[in-house]
Chemist: 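To start, I am sharing the structure in question, which I have written as structure tokens.
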Amino acid sequence: MPELPEVETIANGLHKRVAGDRIDSVWVGNKKEPLKSKPAEIVRTLEGAAIERVHRVGKHIVFHLHPSNDRGAASGRPESHKNSQFIVHLGMTGRMLVATAETETAKHTHLIAKLASGRELRFVDPRRFGRLEVRQTGFSGPGSEPTTITQEEFARLFHKSSAFIKAALLNQKFLHGVGNIYADESLIRAGIRPRRRANTLTTAELKKLHAALQQVLKEAIAAGGSSVSDYVDADGEKGYFQIKHRAYGREGKPCLKCKTPIKKIVVGGRGTHYCPNCQR
DNA sequence: ATACCGACCTGTCAGC
DNA sequence: TGCTGACAGGTCGGTA
């Protein structure tokens, strides 16, 4: 499900709900896939920690933790606890829910953190492509932040890559947070074909792509932001509405600009939608 | 360095 | 209704 705008919406929603709360106890499931850190380390790091802040880095949700006075001090390792972070990647189907204790546990629940407020933070992920990790050091993500990168940095990033521009946009080591939908949507807005080699884009085209990407992400975040609360409810994503896609999922439908049917091809193993007329 | 492909998993949906 | 196969918004590792 989630790309940058969705993760941003979810992270903001989580921040509103659980910042200031404290994790009293943690249950971790026995499936190993979603766990990037050892279960015992996740439990040790989370239990007793206060949630200071929740925000998005790339496609990751980052919980900044803070040892609580009693347990952190009593455990004798307040320093190691100081900058710990709980990092969640939702993969394709992951969800972080804030539920009441009475809410029935959904199938494929892999982690439950009981909060001091009586509520629970639950990680549910049927496909188990998501990842849960704890760190004692800061996490800055694998690449640059697409929402804030300058046009110059953006151009520098792609200038030397001979990869298809679509693949380059998806490469999290360049920009983190851009997924399949917004890669397609930024390319159609910029009028650039997905199979163009990144290093063949002119300065003007890179400029257009940079603007298109930031614009489409901004619009999508704004759309998601209006339904923040629903996203992390136990009921899931009801109420979330997406921006109008111009390319993604519109194979065979007329281009909104020139009526040419949108084409679908595969680039880098991902379904890729574009307008053969508008994109060059 | 890059492209392609399978693998990792489960759910859903179209088609028969 | 039930089965099968294709496909899904993500990432990794192997191979050419």
Side-chain angles (χ1 to χ4, degrees), chain A residues 1-11 29-37 56-62 87-96 105-111 123-133 139 141-143 146 156-188 193-201 213 216-217 219-221 223-224 227 231 236-238 240-252 262 264-274:
Chain A
M1 271 249 173
E3 289 187 30
L4 184 153
E6 290 78 17
V7 179
E8 170 111 6
T9 300
I10 294 162
N30 55 7
K31 302 282 189 220
K32 62 180 187 310
E33 290 86 4
L35 307 180
K36 227 174 147 179
S37 303
R56 175 193 63 77
V57 173
K59 286 176 206 171
H60 302 261
I61 300 167
V62 180
I87 298 156
V88 177
H89 193 299
L90 299 173
M92 296 272 259
T93 53
R95 294 192 296 164
M96 275 302 269
T105 307
K107 203 176 166 185
H108 307 300
T109 297
H110 305 296
L111 178 141
F123 178 70
V124 182
D125 184 9
R127 235 173 133 179
R128 283 184 254 154
F129 285 179
R131 294 292 178 261
L132 303 176
E133 180 183 9
F139 175 77
R156 214 177 308 137
L157 221 45
F158 295 113
H159 199 59
K160 52 183 192 296
S161 169
S162 64
F164 297 138
I165 185 62
K166 162 82 185 245
L169 283 170
L170 290 177
N171 187 339
Q172 304 294 299
K173 285 174 185 155
F174 290 163
L175 296 172
H176 56 210
V178 180
N180 206 30
I181 296 177
Y182 297 102
D184 282 1
E185 291 303 314
S186 59
L187 286 171
I188 196 169
R193 289 221 181 175
R195 273 195 208 272
R196 285 279 301 282
R197 301 276 170 182
N199 58 11
T200 68
L201 298 186
L213 179 60
V216 74
L217 290 175
E219 284 173 21
I221 289 169
S227 60
Y231 224 111
E237 51 267 74
K238 74 167 170 8
Y240 180 84
F241 66 94
Q242 52 196 17
I243 59 164
K244 191 167 195 170
H245 298 324
R246 298 186 195 174
Y248 183 80
R250 299 196 64 247
E251 180 184 13
I262 297 294
K264 183 177 182 186
I265 59 175
V266 175
V267 180
R270 315 300 305 280
T272 297
H273 316 71
Y274 73 102

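So you know, we letter chains A, B, ... as the sequences are listed, proteins then strands, and number each from 1.
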Chemist: With rounding to the closest Å, how many angstrom separate the P atoms on B:dG6 and C:dG5?
Modeler: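 The same atom, P, in both gives a distance of 16 Å.
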
Chemist: Without decimals, in angstroms, what is the distance between A:K166 NZ and B:dA3 P?
Modeler: 13 Å

Chemist: For each nucleotide in nucleotides 11-16 of chain C, reading 5' to 3', give B when a protein heavy atom comes within less than 4.0 Å of its base, S when such contact involves only the sugar-phosphate, and - otherwise.
Modeler: B-----

Chemist: C:dC3 and B:dC9: how far apart are their P atoms, nearest whole angstrom?
Modeler: 24 Å

Chemist: Show, in sequence, the C-alpha distance, side-chain angles and deciding distance for A:D184 and A:K166, and conclude whether the salt bridge (charged side-chain N to carboxylate O under 4.0 Å, His left out) test is met.
Modeler: CA-CA 7 Å; A:D184 282 1; A:K166 162 82 185 245; 2.7 Å; yes

Chemist: Expressed as a whole number of angstroms, how long is the span from A:E251:CD to C:dA6:C1'?
Modeler: 13 Å

Chemist: With A:K173, which residues qualify under salt bridge (Lys or Arg N to Asp or Glu O under 4.0 Å), at least two apart?
Modeler: none

Chemist: In whole angstroms, how far is the P atom of B:dT2 from the CD1 atom of A:I165?
Modeler: 12 Å

Chemist: For DNA chain C, which ranges pair as stems of 3 or more consecutive Watson-Crick or G-U pairs, with both donor-acceptor distances under 3.5 Å?
Modeler: B:2-8 with C:10-16, B:10-16 with C:2-8

Chemist: According to salt bridge (Lys or Arg N to Asp or Glu O under 4.0 Å), who are the partners of A:R127, at least two apart in sequence or on a separate chain?
Modeler: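 With neighbours one apart ignored, the set is empty.
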
Chemist: For A:G271 versus A:N180, what's the shortest heavy-atom pair and its separation?
Modeler: O-ND2, 3.0 Å

Chemist: What is the distance, rounded to the nearest whole Å, between atom CG of A:N171 and atom C1' of C:dG10?
Modeler: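 In whole Å, C:dG10 C1' and A:N171 CG are 13 Å from each other.
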
Chemist: Using side-chain contact (heavy atoms from CB on, under 4.5 Å) as the criterion, point out the one residue from A:V216, A:L187, A:L169 that pairs with A:Y182.
Modeler: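 Among A:V216, A:L187, A:L169, the one that satisfies the side-chain contact (heavy atoms from CB on, under 4.5 Å) with A:Y182 is A:V216.
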
Chemist: Looking only at atom P, what distance separates C:dA6 and B:dC5, rounded to whole Å?
Modeler: 15 Å

Chemist: List the protein contact pattern of nucleotides 4-15 of chain B with one symbol per nucleotide (5' to 3'): B for base contact, S for sugar-phosphate-only contact, - for none; contact means a heavy-atom distance under 4.0 Å.
Modeler: S---BBBS----

Chemist: Using whole Å, what does the distance between atom P of nucleotide C:dG9 and atom CG of A:L169 come to?
Modeler: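 It works out to 15 Å between those atoms.
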
Chemist: Counting any heavy atom closer than 4.0 Å, what does A:K160 reach on the DNA or RNA strands: base, sugar-phosphate only, or nothing?
Modeler: nothing

Chemist: Answer yes or no: is there a donor N or O on one side and an acceptor on the other, between the side chain of A:E3 and the main chain of A:K59, under 3.5 Å?
Modeler: no

Chemist: Closest heavy-atom contact between A:V124 and A:K107?
Modeler: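 So the two residues come closest at CG1-O, 3.4 Å.
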
Chemist: In the structure I gave you, are the side-chain heavy atoms of A:D125 and A:L90 within less than 4.5 Å of one another anywhere?
Modeler: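 In short, these two side chains do not touch, never coming nearer than 4.5 Å.
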
Chemist: Between C:dC7 atom P and A:N180 atom CG, what is the distance in whole Å?
Modeler: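 Rounded to whole Å, this separation is 14 Å.
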
Chemist: Look at A:Y248 and C:dG9 and indicate whether a side-chain polar atom (N or O) is within less than 4.0 Å of OP1 or OP2.
Modeler: yes

Chemist: Side chains of A:F164 and A:R196: does their closest heavy-atom pair fall under 4.5 Å?
Modeler: no

Chemist: To check you understand the geometry: which heavy-atom pair defines the closest contact between A:P34 and A:F123, and what is its length?
Modeler: CB-CE2, 4.1 Å

Chemist: Could you tell me which residues satisfy salt bridge (Lys or Arg N to Asp or Glu O under 4.0 Å) with A:R193, sequence neighbours excluded, listed by chain and number?
Modeler: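 Here no residue qualifies.
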
